[in-house]
Amino acid sequence: MQGKGTVLLLDDDADVRMTVCELITLITGRSCIALASVADLQARRDEALACTHAILDINLGPQQPSGVDAYAWLKEQRFAGAITFLTGHAQAHPLVARAAALGEATVYRKPIGVDELLQIIGAPPETRA
Amino acid sequence: MSSAADMTSARIAWRGSLLAAALNVVGSPLEILVARGVPDMPLWPPLAAAAVGLALLVYLIAGRNHPTRAGAAATMLVNTAAIVAMLIMTNAHWAALGAHWAPFQANKLGALTVGLLTPEIAVGVVCIGAYAASAVVQFALFAPALRLGLARGEPLVTCIFAVFGLIILIVGTRRYALERRLLENQHRAAALEELARSMLAVRDFANTPLQTIEAATALAREQHPAAATQLGRIERALERLRALNAILSRHESHVQWERGDESFDALERLVADADRDRKGS
C-alpha cells in the first residue's frame with residue numbers, strides 16, 4: 001500500500017484539488033493524490049488503488065464520466081479503501097441520488113470544513129500533524 | 001387582470017375563434033351537398049362563407065403564438081357574419097320547399113356552437129343574437145302564404161335554441177374561468193421551477209469556489225498564525241455564504257430533475273437563463 005493513509009482526491013476543479021490536498025498533507029502529514037477525471041484515475045491505477053481513502057467529486061464536468069462512474073471503476077478494481085462523495089449539487093439531483101443510493105459511500109455537501117475533512121479521512125481533529 | 005392572466009384569456013378566446021373558423025370551412029360547403037335537390041340553390045354563398053372562414057383560419061393559425069382578445073373577438077364576429085349572410089341567402093331557397101323544410105336548423109346549430117366556443121360573453125351574445133335575429137327577421141319577411149306552409153312554432157323554436165345557446169355561453173364562462181386558473185397555475189409553477197433551477201445553479205456554481213476558499217483559509221491559518229484576525233474575517237464571510245447556501249437549498253423541492261440534468265454546467269445554465277430572459281423582455 002503506497003504511503004500509509006494516502007488520500008485520493010478526484011475533482012475537476014484544479015484549485016479545489018490543490019488546496020484540499022495541500023491542507024490534508026499539512027494537517028495530517030498524509031500524502032494526497034489529486035486527479036481531475038476518471039481517465040486520470042484509470043491512468044494512475046496502481047497509485048489510486050493503494051490509497052486508503054478516496055474523495056470523489058460527483059459532477060466531474062458536462063459530458064464527462066462522473067464520480068459515480070469513478071466509484072464503479074474503483075469497486076471493479078477491488079479498491080479496498082473508504083470512499084466518500086463530495087458534491088455541490090442538490091440531494092435530489094439524479095447523480096447525487098445515484099451516489100446516495102449506493103449506500104456504502106457517504107455523500108458530503110461542498111463546502112466542507114476542516115473537521116469534516118478530517119472525519120472523512122478518518123483522522124480526528126486531535127490527530128493533527 | 002395580470003398580463004399572464006390576460007394572455008391566458010386571449011389564448012382560450014383565440015382557440016375558440018380558430019375552432020369556429022375551422023367549422024365554417026368544413027361546414028359551409030356541406031350546405032351544397034345537403035341542398036342538392038333544392039331548386040335554384042346558388043353555390044357561391046356557402047363557398048364565399050367557407051372562403052372567409054379559410055382566410056380567418058389562416059390568420060388565426062399564423063397568429064396563434066401572439067393571441068389577443070380583440071383579435072379573437074373580431075375574427076369570431078366576422079366568421080359569424082359570413083355564416084349568417086350565407087344562411088339568409090340559402091334559407092330563402094330552402095323555404096321554397098315549404099313543409100319539407102325544417103326551418104333555420106343551421107341558425108340553431110350556430111347559436112349553440114357559439115355558446116360552446118367563445119369565452120367572451122359580449123361576443124357570444126352578439127353572435128347568438130345574430131343567428132336568432134336573422135331567423136326572426138327573415139321569417140317575418142317571408143310571404144304570409146309561405147309562413148303558413150312552414151313547420152309550426154318558428155321563429156320561436158329558433159329563439160329557444162338561442163336562449164339555450166346563451167345559457168351554454170354563461171355556464172361555459174365558469175368552465176373557462178376554471179381552465180384559465182388552471183393554466184395560470186401551470187405557468188406560475190413552471191416559472192417558479194425555472195427560478196428555483198436558476199437559484200440552485202447559482203448555489204451549485206458557488207459551491208466549488210467556496211470549497212477552495214474554505215480550504216485555502218484553513219491552510220493559511222495553519223501556515224500563518226499571525227494572520228488570524230484577517231482569516232477570521234474571511235471565515236465569518238464564509239459563514240454568511242453558508243447561510244445563503246442553506247436558504248437557496250430550500251428551492252430544491254421545487255425542481256423536478258429531468259433526463260439530461262445529470263451532468264449540467266451551472267454557469268452554462270445561468271448564461272442560457274440570462275439570454276432567454278433578455279430576449280423575452
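So that the names make sense, note that chain A is the first sequence line, chain B the second, and so on, each numbered from 1.
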Q: Considering only heavy atoms and a distance below 4.5 Å, find which of A:G113, A:G88, A:A97 pairs most often with chain B.
A: A:G88

(Q) Among A:D11, A:I112, A:D15, which residue has the highest count of heavy-atom pairs closer than 4.5 Å to chain B? (A) A:I112

Q: Would you indicate whether B:Y176, at its atom OH, is surrounded by more than 12 heavy atoms from other residues, nucleotides or ligands within a distance under 6.0 Å?
A: yes

Q: Determine the minimum heavy-atom distance between B:N245 and A:K110, stating which atoms define it.
A: ND2-O, 4.2 Å

Q) Do the non-hydrogen side-chain atoms of B:N207 and A:P111 ever get within less than 4.5 Å of each other? A) yes

Q | Side-chain touch B:Q223/A:E22, heavy atoms, less than 4.5 angstrom | A | yes

**Q.** Contacting moiety of A:R17, where chain B heavy atoms sit under 4.5 Å
**A.** neither

Q | Option that, when pairs with chain A are counted at under 4.5 Å, heavy atom only, ranks first among B:A218, B:A215, B:P209, B:A216 | A | B:A215

Q: Hey, could you give me the CD1/OG1 distance between B:I213 and A:T19, rounded to the nearest 0.5 Å?
A: 10.0 Å

Q | Passing candidate, side chain to side chain contact (heavy atoms under 4.5 Å, CB included) with B:L219, options A:T25, A:I27, A:I24, A:L23 | A | A:L23

